[in-house]
Amino acid sequence: MTLDTRYNAKDIEARWYKEWESKGYFRPQSDHGKQPAGKPYVIVIPPPNVTGILHMGHALNSSIQDILIRWNRMKGADTLWVPGVDHAGIATQNVVEKKLAKEKKTRWDLGREAFLKEVWKWKNENGSTITRQLRRLGSSCDWTRERFTMDEGLSKAVREAFVTLYERGLIYRGNYIINWCPRCQTALSDEEAAHKDMQGGLYHIKYPCLPEGRQSIDVKGPYEKMGEDHIVVATTRPETMLGDTAVAVHPNDSRYKHLIGKKVILPLLNREILVIADDFVDPEFGTGIVKVTPAHDPNDFAMGHRHKLEQINVMTPDGKINENGGVYKGMDRFEARKKILKDLEEQGLFVRRDSHLHAVGHCYRCDTVVEPYLSKQWFVKMQPLAEKALKAHEQGDTAFYPDRWTKVYLNWLRGIRDWCISRQIWWGHQIPAWHCMKCSADYGEPHGAAAPRNTANEVQDAVHRTPYAGIIVARETPKECPKCKGKDLVQDPDVLDTWFSSWLWPFSTLGWPTKTEDLKKFYPTSDLVTAPEIIFFWVARMIMAGLEFMGEVPFTKINIHGTVRAASGLKMSKSLGNSIDPLEVIEEMGADALRYSLVMLSAQDVYLSREKFEVGRNFANKVWNACRFVLIQIEGLETASTDVRQFEKMELSLPSRWILSRFEEKTAEIERHLAQFGLAQAATELYHLVWDDFCDWYIELAKPMILSEDRALRLQTQKVLFFVCERMLRLLHPFMPFITEEIWQTFKQKSADAKAWPETIMFAGWPHEEKKKFRDAEAQKAIGLLQDAVGGIRDLRVRFQIAPTDKLTAVIVCKEQETLVTVRTFEREVKVLGRLAELQCVREFQKKGAMAANSFAAFDVFISLEGILDPEEEKKRLEKKIQETEQWIETIRKKVANPSFAEKAPKDILEKEKEKLADAKKLLVSYQTQLTSF
RNA sequence: GCGCGGUUAGUUCAGUUGGUUAGAACGCUUCCUUGACAUGGAAGAGGUCACAGGUUCGAAUCCUGUAUCGCGCACCA
């Protein structure tokens, strides 16, 4: 039984995933009636957007989670990885609306019910793309527990959560300035309005003053005296001036004190507005006078509140000027901006445009400029929730890896603002609130429609009236109004923010609010792995929800991994056209290669280009071939086994002792890295263990041993090869699940005790240190010497251009008798690896003729270079070496001679320095001896 | 404006609590198709660790400041 000559990732990967899933290996072992070891290990997947396709960020995220899951599964824990997708309200609705648009239809043409049918149809046909792709990656999720935020159970959880919060007085409804996307025509939360710096204009506009005693608002120019016949305000959004209801100055601003309480004329609409005084105004900025538009700016809204100003909404939900905007009615907001500026200029009221850099909110789904907009929405009062999360953190219930994200998280919690959760779309969980048409006067106005002029008092009322008259919030659809017994009830048309369902994910996916077995067994979960941009959207909210509804944090460890970026440094995204499709990489190089490359690079943000995946591909190929070599070498072996005890009474060769020792050492190190989410470091360690130690040295050393006449040595080497290689596969399995399974199964067939092996490498157990049984400092030191000797010879070969086929003679001159004894034990190996015809190991040596050496602290390696060596060149080289070494000695000597160093440095450091000094001196002697012989 | 992170080889990055002559991958140079692997092997060149101070016997590592790049947050119209 052996492996194919060529490693074919594609074939292997398709085959194994199917096998694993169909046999139920991904399910918790307790589902199979097994008694697992220790605490369960549970991860919930950050649910990807149902409209999404797998991008590199997902690939990295899922790779990390799968490594953690497979690692813990191998350790014997009851592992559960719950997969699923969220319904992505706005994004999904957009996709379906776009589809309808092609047929020249809108959602309004279909009506709510028919439209939702369309969305479900789309979901059923296309919604599994991303989960299919996750399978290609090798993600060992328990698909039997897959959830969707719109499925029945999760919808029940959403309703439960909403009603519970309402009952606890943490949900309110009110008129506020929210972020409004005119394209999606819905409110957004603060997090969904991504601020981008934009170079815009700061427009200075003259507002005429109403002269003393004049009642008429027909004030004619010219306006020349600022502060007398006019004032100048500055704005970035001139179109909002249509809704101005005041201008404000700082109460202590001496320039304008006389204006306070006076009136100015709002140009274009020729409305009188008041000059008010408010601390908010920064006298240093612009002219020190601010126009106040309570319905279109959060600050102005607050100011309007303080001064009981009228709120005039001048925009329609789709971003056009409404009937309050006079002649501008019907114009798009940006079109209106241009026209208004033009009109102002014609009237001599436009002063100038300054270039101005400011942050403008953009809809995170469609990138449209968000409009601060006054409308009636549902909110969650966040502060009480945040306080619980803060307290949990103080108690050490949550920890971020790496730790620096803690601060980001805490800062956000401390400055938390209420969460606008209602969305004016149809796809999502409809708010479980019903309006009694009889009791509720305030129902019936379409959301976001040109709101009649709400007064500040009304807002205040709306905010604080809880529960509201005429609104019934309930778990079950109410039949009648509890107050008036009226039957005319209409459910609130709004749906909830998608994140309102995602934040329940860690327990809703386990069955909550039903007290299921899963919930009992698997909550709280273990780790959360996600990207930094999701900390606010999801992580923080999940923690708050966990505490609020379950009374316990949903997970304690939060691993924040790097962002995947294109080589240019920009975030990888489809819209920028700089993305690399993970599926293409899988197709070309295999999922194992993709996973390994990504994880190895993920110590921080991952900058990708296609070539970077070659690391993983080459590594997979190396693993394949090394194992193939092992299988070929053990062809005749009848007693291949993974049993540690087989080596107990065996006198192992030095290289075998060494490789066993190296594996033991590195296993512990890899485990340590994995335990603190140092996956990149773990992967790098493994890479070098496999490539450098196992392939470059052990396999090369094993070759002569296998060809040896000594039957016992032959057999022993075969056994060690098998044993070590099988462990290597297990160490690699979490990182490269497919290739390791394929090879491992071949190993299993080859082993003498195959019956004792589990059915899959997934359950083969994670290699643990054999009580340091294999730790072997002596072997490590000896192989170090061997590597020096071979390296020294190889260097001389290359330096003097000696063909590899030229068998030459070398002499190793040991400086100590002890070294000589050691070197003699691996004489044969050095001969083979150095391609020598002859090797002498001696204590004393008198150089004859043209010879050159490489010197080490323990020995010198000479080779004969008759007719090749240029004595002058060699002399120069040696002189340079001597100079370098002298300098080095001087440095150490100074250090050691320093009384403070001797006094303060730890003992072992001092010892090390002294050793170093001794070694350096030996080296110097070697060089000097060589030089004098010329 | 506030906060966070980076600045180490030509490039991309590692570098645990300060302690070998600062490492890797890719690229580059030279040589090698030797029975696991050319997706390979051997060897080599290449770095005053952004800058300036400070703490220390000792600093890439800790502190202060500067420069520069990136990210996040924020109501300066």
Side-chain angles (χ1 to χ4, degrees), chain A residues 3 5-7 177 195 202 233-237 240 248 280-282 284-287 289-293 297-302 356 358-359 372 404-405 407-408 411-412 415 532-533 535-536 563 565 567 569 571 589 593 600-601 603-609 611-612 614-615 617-633 672-673 676 678 680-681 684 687-688 695-696 699-700 703 790-791 794-799 801-805 833 835 884-885 887-888 891-892 894-896 898-906 908-910 912-913 915-916 919-920:
Chain A
L3 298 171
T5 321
R6 281 194 70 85
Y7 159 54
I177 300 273
H195 287 265
L202 183 62
V233 299
T235 177
T236 52
R237 295 185 296 148
T240 63
F280 166 77
V281 182
D282 176 3
E284 303 293 313
F285 189 90
T287 54
I289 306 177
V290 191
K291 64 191 256 326
V292 184
T293 323
D297 183 281
N299 297 314
D300 295 3
F301 175 80
H356 182 66
H358 62 146
R404 71 186 141 94
W405 295 106
K407 227 172 173 175
V408 176
N411 283 343
W412 186 76
E533 60 261 32
I535 292 177
F536 306 144
T563 305
R565 297 172 193 283
K571 197 171 150 186
M589 306 191 190
M600 234 175 135
L601 290 165
Q604 51 173 241
D605 281 3
V606 185
Y607 290 79
L608 283 183
S609 57
E611 309 83 69
K612 297 232 171 154
E614 285 170 12
V615 184
R617 180 200 59 181
N618 294 355
F619 186 54
N621 188 255
K622 189 77 182 175
V623 169
W624 182 265
N625 282 296
C627 294
R628 205 159 70 83
F629 170 83
V630 171
L631 283 165
I632 292 166
Q633 296 313 315
R672 226 182 47 232
H673 285 307
Q676 44 197 339
Q681 290 91 321
T684 308
Y687 183 89
H688 291 291
C695 295
D696 287 349
I699 285 186
E700 292 310 314
K703 282 175 184 173
V790 173
R794 284 172 173 170
D795 174 53
L796 289 168
R797 257 184 194 285
V798 171
R799 190 140 50 87
Q801 310 233 330
I802 300 163
T805 42
L833 297 184
R835 298 178 162 275
E884 279 172 15
T885 314
Q887 265 174 24
W888 181 31
T891 316
I892 311 170
K894 262 191 206 158
K895 199 169 173 182
V896 178
N898 188 329
S900 310
F901 175 71
E903 203 179 300
K904 290 179 188 171
D908 56 323
I909 300 287
L910 188 67
K912 262 190 203 165
E913 289 297 323
E915 238 170 75
K916 216 160 70 178
D919 284 354

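By convention in this document, chain letters (A, B, ...) are assigned in the order of the sequence lines, proteins followed by strands, and residues within each chain are numbered from 1.
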- Does A:N625 make a side-chain N or O approach to OP1 or OP2 of B:G40 shorter than 4.0 Å? no
- Message: Any heavy-atom pair between the side chains of A:F285 and A:V290 that's under 4.5 Å?
- Response: no
- When rounded to the nearest Å, what value does the distance between P atoms of B:A25 and B:U66 take? 39 Å
- Note on the structure: When rounded to the nearest 0.5 Å, the distance separating CZ of A:R628 from CD of A:Q633 is 11.0 Å
- Message: Using whole Å, what does the distance between atom P of nucleotide B:A43 and atom CD1 of A:I802 come to?
- Response: 15 Å
- Message: I'd like to know if the side chain of A:N625 reaches the main chain of A:N621, judged simply by a donor and an acceptor atom lying under 3.5 Å from each other, with no hydrogens or angles considered.
- Response: yes
- State whether A:K895 places a side-chain N or O below 4.0 Å from either non-bridging phosphate oxygen (OP1 or OP2) of B:G19. no
- Task: Classify the nucleic acid contact of A:C627 as base, sugar-phosphate or nothing, counting any heavy atom under 4.0 Å across all strands shown.
- Result: nothing
- Message: For the P atoms, the ones on B:C62 and on B:C4, what distance do you get once it is rounded to whole angstrom?
- Response: 15 Å
- Message: Does B:G41 have its OP1 or OP2 closer than 4.0 Å to a side-chain nitrogen or oxygen of A:K622?
- Response: yes
- Using the P atoms only, state how far B:A22 lies from B:G46, rounded to an integer number of Å. 13 Å
- Task: Select from A:F629 and A:E611 the residue whose nearest nucleotide in RNA chain B is closer to the 5' end of that strand.
- Result: A:E611
- Message: Whole angstroms only, please: what is the CD1-P distance between A:I632 and B:G35?
- Response: 12 Å
- Query: Nearest to the side chain of A:R617, which nucleotide is it out of B:A36, B:U39, B:A42?
  - Reply: B:U39
- Query: Is the NZ or CZ atom of A:K703 both under 6.0 Å from the centre of the six-membered ring of A:F629 and within 45° of that ring's axis?
  - Reply: yes
- Task: Rounded to the nearest 0.5 Å, what's the gap from CG on A:D300 to OG1 on A:T293? Could you check?
- Result: 5.0 Å
- Query: Touch check for A:K894, heavy atoms < 4.0 angstrom, all strands: base, sugar-phosphate only, or nothing?
  - Reply: nothing
- Query: So, A:R835 side chain and A:T805 main chain: donor-acceptor pair closer than 3.5 Å or not?
  - Reply: no
- Please determine, for the side chain of A:F901, which listed nucleotide (B:U21, B:A36, B:G19) has the closest atom? B:G19
- Dot-bracket notation for RNA chain B is requested: 5' to 3', Watson-Crick or G-U wobble pairs only, both distances under 3.5 Å, with ( ), [ ], | and . as defined. (((((((..((((.....[...)))).(((((.......))))).....(((((..]....))))))))))))....
- Message: When you measure from the side-chain N and O atoms of A:Q633 to the phosphate of B:A36, is any distance below 4.0 Å, counting only OP1 and OP2?
- Response: yes
- B:U39 base to A:R6 side chain: any donor-acceptor pair below 3.5 Å? yes
- Euclidean distance for C1', B:C32 against B:C13 (whole angstrom): 30 Å
- Message: Taking any heavy-atom pair under 4.0 Å as a contact, classify A:R797: base, sugar-phosphate, or nothing.
- Response: nothing
- Query: How far does the C1' atom of B:U8 sit from the matching atom of B:A14, given to the nearest Å?
  - Reply: 10 Å
- Item | Check against side chain to side chain contact (heavy atoms under 4.5 Å, CB included), A:H673 and A:T684 | CA-CA 10 Å; A:H673 285 307; A:T684 308; over 6 Å; no
- Message: Output the rounded distance in Å from CG (A:L3) to P (B:U39).
- Response: 19 Å
- Query: If the C1' atom of B:C76 is compared with that of B:C2, how far apart are they to the nearest Å?
  - Reply: 14 Å
- Message: Side chain of A:A603 only, heavy atoms from C-beta on: which candidate in B:U20, B:G41, B:A14 is closest?
- Response: B:A14
- On RNA chain B, more 5' by nearest nucleotide between A:T684 and A:Q681 is A:Q681
- Item | Interatomic distance, A:K895 atom NZ to A:K916 atom NZ [nearest 0.5 angstrom] | 5.0 Å
- Base, sugar-phosphate alone, or nothing: which one does A:L601 contact when heavy atoms must sit under 4.0 Å apart? nothing
- Item | d(CD, A:E700; C1', B:C32) in whole Å | 14 Å
- Task: With C1' as the reference atom in both, quote the distance from B:G19 to B:A59 in angstrom, rounded to an integer.
- Result: 10 Å
- Considering only heavy side-chain atoms of A:Q801, the closest of B:U30, B:C37, B:G19 is B:U30
Expected rows: protein N/O vs nucleotides 75-77 of chain B N/O, under 3.5 Å:
{"from": "B:C75", "atom 1": "OP1", "to": "A:R417", "atom 2": "NH1", "distance (Å)": "3.0"}
{"from": "B:C75", "atom 1": "O2'", "to": "A:N299", "atom 2": "ND2", "distance (Å)": "2.7"}
{"from": "B:C75", "atom 1": "N1", "to": "A:N299", "atom 2": "OD1", "distance (Å)": "3.0"}
{"from": "B:C75", "atom 1": "O2", "to": "A:N299", "atom 2": "OD1", "distance (Å)": "2.9"}
{"from": "B:C75", "atom 1": "O2", "to": "A:N299", "atom 2": "ND2", "distance (Å)": "3.4"}
{"from": "B:C76", "atom 1": "O2", "to": "A:D282", "atom 2": "OD2", "distance (Å)": "3.2"}
{"from": "B:C76", "atom 1": "N3", "to": "A:D282", "atom 2": "OD2", "distance (Å)": "3.1"}
{"from": "B:A77", "atom 1": "OP2", "to": "A:H356", "atom 2": "NE2", "distance (Å)": "3.2"}
{"from": "B:A77", "atom 1": "O2'", "to": "A:A234", "atom 2": "O", "distance (Å)": "2.9"}
{"from": "B:A77", "atom 1": "N6", "to": "A:D282", "atom 2": "O", "distance (Å)": "2.6"}
{"from": "B:A77", "atom 1": "N6", "to": "A:F285", "atom 2": "O", "distance (Å)": "2.8"}
{"from": "B:A77", "atom 1": "N1", "to": "A:D282", "atom 2": "N", "distance (Å)": "3.2"}

- Task: Just compare B:G44, B:U39, B:G5 and give me whichever is closest to any side-chain atom of A:D795.
- Result: B:G44
- Does A:T240 reach the side chain of A:K291, with side-chain heavy atoms less than 4.5 Å apart? yes
- Winner on side-chain proximity to A:K612, out of B:U12, B:G40, B:G3, is B:U12
- Would you indicate which nucleotide in B:A43, B:C32, B:G3 comes nearest to any side-chain atom of A:R794? B:A43
- Task: With heavy atoms under 4.0 Å as the rule, sort A:D919 into base, sugar-phosphate or nothing.
- Result: nothing
- Sugar-phosphate only, base, or nothing, as touched by A:P906 at under 4.0 Å among non-hydrogen atoms: base
- Message: What I want to find out is whether A:K912 reaches A:E915 closely enough, with some N-O distance under 4.0 Å, to be called a salt bridge.
- Response: no
- Item | Distance, C1' atom - from B:C73 to B:U39, rounded to whole angstrom | 45 Å
- Specify the separation, in whole Å, of atom CD of A:E533 and atom C1' of B:G5. 15 Å
- Could you walk me through whether A:E913 and A:F901 pass side chain to side chain contact (heavy atoms under 4.5 Å, CB included), step by step? CA-CA 11 Å; A:E913 289 297 323; A:F901 175 71; 3.7 Å; yes
- Query: In terms of the angle between their ring planes, are A:F619 and A:Y687 parallel, tilted or perpendicular, with boundaries placed at 30° and 60°?
  - Reply: tilted
